[in-house]
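Heads up, the thing below is written out as structure tokens.
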Amino acid sequence: MTEAKALDIYTKGTRAWFPDDDLGWVMGSLTNKTIDGQKLTMTFHVEQRKKDVVFTSTIPKLEANKYEDLPPLMNPPKLAGCDDLTNLSYLHEPGVLYNIQLRYAQEQIYTYSGIVLIAMNPFKRLNIYTPEIMREYSGKRRDELEPHLFAVAEQAYRNMIKEKKNQSIIISGESGAGKTQSAKYIMRYFAIVDELNVSRVGSSSEMPGNPGQSNTTEIEEAVLSTNPIMESFGNSKTTRNDNSSRFGKYIEIMFEEKKDGPGVRITGAKIRTYLLERSRLIFQPATERNYHIFYQLCAAAPAAERKELGLGSWDTFFYLNQGGTGVVNGMDDVAEFGLTQKALSTIGISVSVQWDIFKICAALLHIGNIKITAVRDEAQISDDDPSLQLAARLLGVNPTLFKKWIIKKQITTRSEKIMTNLNLVQATTGRDSIAKFIYSMLFDWIVKIVNVNLAREEVGKDTRFIGVLDIYGFEHFKKNSFEQFCINYANEKLQQEFNQHVFKLEQEEYVAEKIAWSFIEFNDNQPCIDMIENKLGILDLLDEESRLPSGADSSLITKLYQRFGTAQHKFFEKPRFGQAAFTVKHYACDVTYDIEGFIDKNKDTVADEQLAMLNESTFEFLREVVKIEAEPEPEKPAAAAPGRRGAATSRKPTLGSIFKGSLVQLMETIRQTEVHYIRCIKPNNAKVAFEFEPPMVLSQLRACGVLETIRISCAGYPNRQTFQEFSERFYFLLRSKDWVADPKELTVKIVKSVIQEEDKFQIGLSKIFFRAGQIAYIEKLRSDRFRECVIIIQKNMRRLLYQNRYRRMRKAAIRIQATVRGFQARMLVRSMRQKAAAIIIQKYARRFIARRRFLRVRRAIVRIQNAWRAYKARSELGALRREKAAVKIQKVWRGYVARKEYRRTRRLVIRIQSCVRRRRAMNELKQLRTEARSVGKLKELNYRLEGKVVELSQNYAAKTKENAELLERVTLLESQLASWKERFAKIDVESKAKSSNVVEENSELKKELSQAQEARDALAKENERSAALLRKRDQEITQLQNDNAAAQDEVKRLKEQIKNAPKVVEDTATVAALKKEVASLREQMGRLLAGKYRTDRMTEQLLNADYAAANPYPAQPVLQPVASAARASMAFFESAAATVAETLGRGSSISSAERTLPRPQPVVREEELEQKERPIRMLEAAELEDEVIDSLITNLRIPLPSTQTVATKREIFFPAHLIGYLMSEHLEHNMVERMRGLLGNVMRAIQNLTMKFEDDYVSAFWLSNAFELVCVVKTARERLPRKSLQAPEDEQSADVVLISIRNDLEGVMLEIYHGWIKELKKRLANMIVPAVIENQSLPGYICKQSGGIWGKWAKTSTTSQFTIDQLLNFLSKLSKTMRCYYMEESMSRQILTELLRVIGVSAFNHLLMRKNFCTWKRGVQIQYNVSRLEEWCTGHGIPEATLHLQQLLQAAKLLTLNKTSPQDIDTIFDVCFLLNNSQIKKLLSLYYAADFDSPLSPDLMKMV
């Protein structure tokens, strides 16, 4: 890049990056730029630090370094939050860090960096791993949705199927970065990906992976069960991670093509482990734990096993309490132990073997509690040490031998064996070595058994696998030992493979596009790898020193200094001080390793005597576990040198050599597969959710090779675009006269007009390639061009505005002048008029004043006169009133005195009268008392009473005689009316009991008797009339049958004549006439049959009367209005009796009137018996069932749905009605079991026909008929006699059988409904996203789809496969089909509502996953499509279905609303009230700022 272009980019306001110790990089804005000769000075203001940074340099110095010393520029706002780092215009360290930080703040934890997926640990459970999300990624390209683990897994899965090549997914990162969890999610995806393809759309209950509904196979469950096993025995809590994997693993998931259909299935798996951290068993730093299985065992072991194994609390064991932490927040050891046991059982390990494993684990804990003391520098163990006894008992070894080989060792020479005592440190080391050895062998045994049980099928030629490598990332601590050396060695190998893979992809892209390119140089770390693994390398020297009897760490470090401490070895460095460490310059950083413990950790073996003791154990399972030690093949001995014949025999492999061999094997496996990379990043050490520490993340990006990938890309042509994309975005950098239709030619013209250096770009076959920074430069030119255009538009608009303003002001001034002059003239005229008017006013005012004064004086005089006269009158009136009042007072007083005297006199007279009357009464009382004592008086009273008794007796005799006469009349009435006998008997009893009311009772009985006789006479008349009517109809039926038989005979005769006639030319007129005659006869017969059985009002009354007579409990009217379907069904049964037998060929049928109406019972004739037995024989015939199933179900010709010729209800429900008629015939003849078998076969035939779901009209037709049949069964049950309904305990009763049939029919109906719904959802799934989300119906708002890095290697389609019109046509066709078959309205509404719910949910979920769709133009298009769906719902009478579209509609509105201020955020929450905070935040984070649109600021995202 020339000086002008390189420096012209740095204009005022340009933002650049500067290094910072705390934040990694900080952003500064250019405030001043000066070029003084060859000296350049630029001042930047750093807002975060509130200070200025000055950059100074010289032009020659910048040119010498190709201007790479300039401050790194910030990417355009358009690329902020880009989902692929390789799409950034400026690919540098601060740009990458800022982009990842911005996405992480938006809770987007996944970002692509070319072929690498960067996964940030959120330290929080996110709802992005559900089966719904898996389904969204299933079948999608990698660049189609947001970055995700599932996108990588889906790409590996599809590449394995299409390209028939094995795949590998390498997951790396430091402890706590989320590697283990990522591997678990990927394995879960592979386990259910096949089910995701089978069921694309459905409710949560249909989703694969839903608890209780999972369709995974046994082998898939076994593969998933390996995770809890490996975590329990290989994971532990560390300071960085609560569930840290302390080993590396590579899981190969085997797939094989299905034999019964397309696709693949999991056939097995294989696990390889690398470098288990054995030292974790015997020592844990502070706040860390041992392996999870020990804490689970202590917490969850049952009481009996706890006592047998001698277990207690975790803090009682030395191997568990060193870290001081036994409980992990959020982890339940009891529940985890249950999951571990369940997983071991799933994998095929029996419960007894599981407790053998736990027995060894308990023994290891007791080994750690063995107390070793020192006596005179010799180690001693007490014989009665409880831990020693328990450990020996659990391991099945001799306690004495166990104690002996802990505190002693044996040296074998040529002539003798020497036994020596060990000191305290050596004995403790020996004790811990036994524990580490046993646990390591146990772990290897578990992995071996898991592999054996997972390999359940033989590996065939078509077997492919996907390998998931969960391996430790680069480690660099304050003190680094042998484990860190091996881990970093493995990462060196993987990084080398990764660099070569990235380089290969870049070169393949250049070759495919046929551009001129040169070899890309990258940091090759192969010399560092050679220094470690080559002959006489670090590992070789370590193994050599480990095999020497006198090998020590000091001698090893001396050899390393001598071998690599020269200037030729650039990757090795000696420390300045001390002789106990060495430094290796790895690709990520320089790591200093402490040499202490290298030899012991590399050996990591037990003594031969201890191994022999374990092999002689009485515990058979322990012998099986430790036997693995002898299985690896020994290293091939080199040619024995003279005097050293047996030196190379029976060498035990060291840990370093084992790890090197397994690593070489892993590299060979990876090279034979297509590799996918996932780099897990730990954002902070405090494990706080969404807390970002830039320096920590930056160091991990360097260590995992992401920045190296970007550097390799920058060395070539990192930015590339198709000709179509480039020309559409930058075409206005040319003048319009230079525009051409060919995108490639237009692209070449644009590029050559803005970039003069040809090495800054390359033109391929379909794309144009740019060096780093060129796209940003062109973007700057584009924005400058926009700015120029805006300035021109502003200039002209301002000129127009000011010109219009001047014209308006001039026009206003003229108008003001005219107004002012007119106002002045009017004022002059007004003053003249006012002067003349003032004189007139004065004249009239003076007259008015004088007159007013005169009137006032006159009124005053008149008022005075009135007042005086009134005073005189009032005085006279007062005198008169006083005189009248005195007279009235005198009158009242005199009356009062007279009345008072009268009252006093009357009281005195009354008192005198009372005294006289009292005296007379007392005298009379004395006289009566005297008479009462005499006998004569009593006799007189007795005579009176006897006369009254005689009178009452005569009356009683008369009443008794009258009662006897009435009893005789009652007896006569009872003989005439036997049906009223019981009621009359009750009345007789009541009449005898109530003799006083007998007259009234007899009159009521007479009245009721007369009413009963009248009713009987009326019924008799009606019966005779009905019998006559039925006889007449029977005659008509017989006549019609005869006519029909004659017509059939005539047709047969004509057919035979035609068949036997010679083959001559037919008379077409005669044939047409005959056909017309036959058709008219059929139509006439159909009309007659339909008219014969139309029930009139009289027939219904007769049926009611007959049913009421047969039913002794008429709780309600017999014929009541029921469901429309059931009423039509039963009416059809009564009207189709004459045609059923004729259709089935079983003879004539019995009329419905003969079955239902009561008949007189004369002597039964033989013809009547034959007529009654004929339908029974017909129903019992074996051919009836086959003919019904064949004619009505299997081979039935279903009328096709059509709006021109709409079928009637009778035609649609013909199968249900006819089957219901047969059911009623079976019920009438008490053939319940026969009916149950017939309807069972009918339901199976319907299931076999409809479960194929080949045509919608078949499903709709039989769903309607099934519902109709359910209504028929319900109605038939309601018409059963009450006695059969009151005994439901009888399993053979008609009511119980009808209930069972109804339940079975409802089950068949539900199966058809759910199966049809599921099939409709499958067909709808492929239409939803293209029609609702991708379809662009509004021409003024067309937006172009953008792709990520994978658009470089895949062709994307910009046209929608389905349109909204096609979707609406699909729904309309389905609605019309259901209407044509008269489906129950509630059922059809439910089907359409469910489909619209699926449309709303699927489209909304897809929108949440598609970043390139979240633009305001796309929001307008989606709003339009949703409005079309709402109009359709309203037009089809299901407005409630629009509720399921509201969430999608509000999401589309969110995209179109303004998003620049806090008030806009409040508006968004008000409008989008159905969306929760996380959904709004997700949509805003995915929002893509298009042209003329500003990106969303991070401050607004924080407000959300």
Side-chain angles (χ1 to χ4, degrees), residues 130-139 192-217 258 260-263 1198 1201 1243-1267 1270 1304-1332 1362 1366-1367 1369-1378 1381 1383-1384 1386-1406 1429 1438 1441 1444-1445:
T130 59
E132 295 93 334
I133 303 298
M134 293 183 184
R135 183 173 291 107
E136 288 296 328
Y137 280 91
S138 177
I192 66 174
V193 64
D194 190 46
E195 295 298 328
L196 294 174
N197 297 329
V198 173
S199 177
R200 293 288 301 170
V201 179
S203 61
S204 60
S205 62
E206 298 171 355
M207 295 172 185
N210 193 36
Q213 299 288 337
S214 178
N215 296 322
T216 55
T217 62
K258 291 183 178 179
D260 56 349
I1198 300 175
M1243 285 184 280
R1244 281 191 289 272
I1246 293 175
Q1247 283 179 313
N1248 295 335
L1249 180 64
T1250 56
M1251 286 298 111
K1252 300 176 183 178
F1253 301 110
E1254 295 176 351
D1255 297 302
D1256 289 338
Y1257 72 90
V1258 176
S1259 301
F1261 177 82
W1262 282 111
L1263 188 58
S1264 297
N1265 274 274
F1267 182 79
V1270 170
D1304 293 341
L1305 281 172
E1306 289 176 350
V1308 171
M1309 187 173 65
L1310 288 176
E1311 285 185 8
I1312 298 174
Y1313 172 80
H1314 289 296
W1316 190 28
I1317 282 288
K1318 191 173 182 180
E1319 184 67 24
L1320 289 174
K1321 288 179 180 179
K1322 286 183 183 179
R1323 289 157 50 192
L1324 194 64
N1326 299 325
M1327 301 176 61
I1328 294 174
V1329 174
V1332 180
F1362 297 97
Q1366 291 174 327
L1367 179 61
N1369 289 338
F1370 172 81
L1371 295 174
S1372 299
K1373 182 179 178 182
L1374 181 64
S1375 177
K1376 183 188 73 174
T1377 301
M1378 292 188 290
Y1381 292 117
M1383 186 177 292
E1384 182 69 17
S1386 61
M1387 195 180 302
S1388 61
R1389 292 168 69 93
Q1390 185 174 354
I1391 290 174
L1392 294 174
T1393 303
E1394 177 65 16
L1395 293 181
L1396 286 163
R1397 184 193 69 82
V1398 171
I1399 291 174
V1401 172
S1402 300
F1404 179 76
N1405 290 339
H1406 191 84
L1429 287 171
I1438 48 173
H1444 300 296
L1445 302 173

Is the shortest heavy-atom distance from the side chain of I1198 to the side chain of N1265 under 4.5 Å?
no
State, yes or no, whether a side-chain contact exists between V1398 and L1320 at a heavy-atom distance under 4.5 Å.
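Not in contact.
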Give, for atom [atom1] of [X] and atom [atom2] of [Y], the distance between the pair rounded to the nearest 0.5 Å.
{"X": "M1387", "Y": "Y1313", "atom1": "CE", "atom2": "OH", "answer": "8.0 Å"}
{"X": "K1376", "Y": "N1369", "atom1": "NZ", "atom2": "CG", "answer": "10.5 Å"}
{"X": "I1399", "Y": "L1392", "atom1": "CD1", "atom2": "CG", "answer": "9.5 Å"}
{"X": "I1391", "Y": "E1384", "atom1": "CD1", "atom2": "CD", "answer": "11.5 Å"}
{"X": "D1255", "Y": "E1319", "atom1": "CG", "atom2": "CD", "answer": "10.5 Å"}
{"X": "S1259", "Y": "M1378", "atom1": "OG", "atom2": "CE", "answer": "11.5 Å"}

Who pairs with Y1381 by ring-ring contact (aromatic ring centres under 6.0 Å, His included), at least two apart in sequence or on another chain?
F1261
Quick one, L1324 with L1374, criterion side chain to side chain contact (heavy atoms under 4.5 Å, CB included). Give me CA distance, side-chain angles, the key distance, then yes/no.
CA-CA 12 Å; L1324 194 64; L1374 181 64; over 6 Å; no
Could you pull out the closest heavy-atom pair between [X] and [Y], with the gap in Å?
{"X": "I1312", "Y": "W1262", "result": "CD1-O, 4.4 Å"}
{"X": "L1395", "Y": "L1371", "result": "CD1-CD2, 4.3 Å"}
{"X": "M1327", "Y": "L1367", "result": "CE-CA, 3.6 Å"}
{"X": "H1444", "Y": "L1396", "result": "CB-O, 4.2 Å"}

Set of residues satisfying side chain to side chain contact (heavy atoms under 4.5 Å, CB included) with respect to V1401, sequence neighbours excluded
R1397, N1405
Closer than 3.5 angstrom, by distance alone: can the side chain of T1377 be matched with the main-chain N or O of K1373 as a donor-acceptor pair?
yes
Report yes or no: does S138 contribute a side-chain atom to a donor-acceptor pair with the main-chain N or O of M134 at less than 3.5 Å?
no
Could you pull out all residues at least two apart from D1304 that satisfy salt bridge (charged side-chain N to carboxylate O under 4.0 Å, His left out)?
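With sequence neighbours excluded, D1304 shows a salt bridge (charged side-chain N to carboxylate O under 4.0 Å, His left out) to no residue whatsoever.
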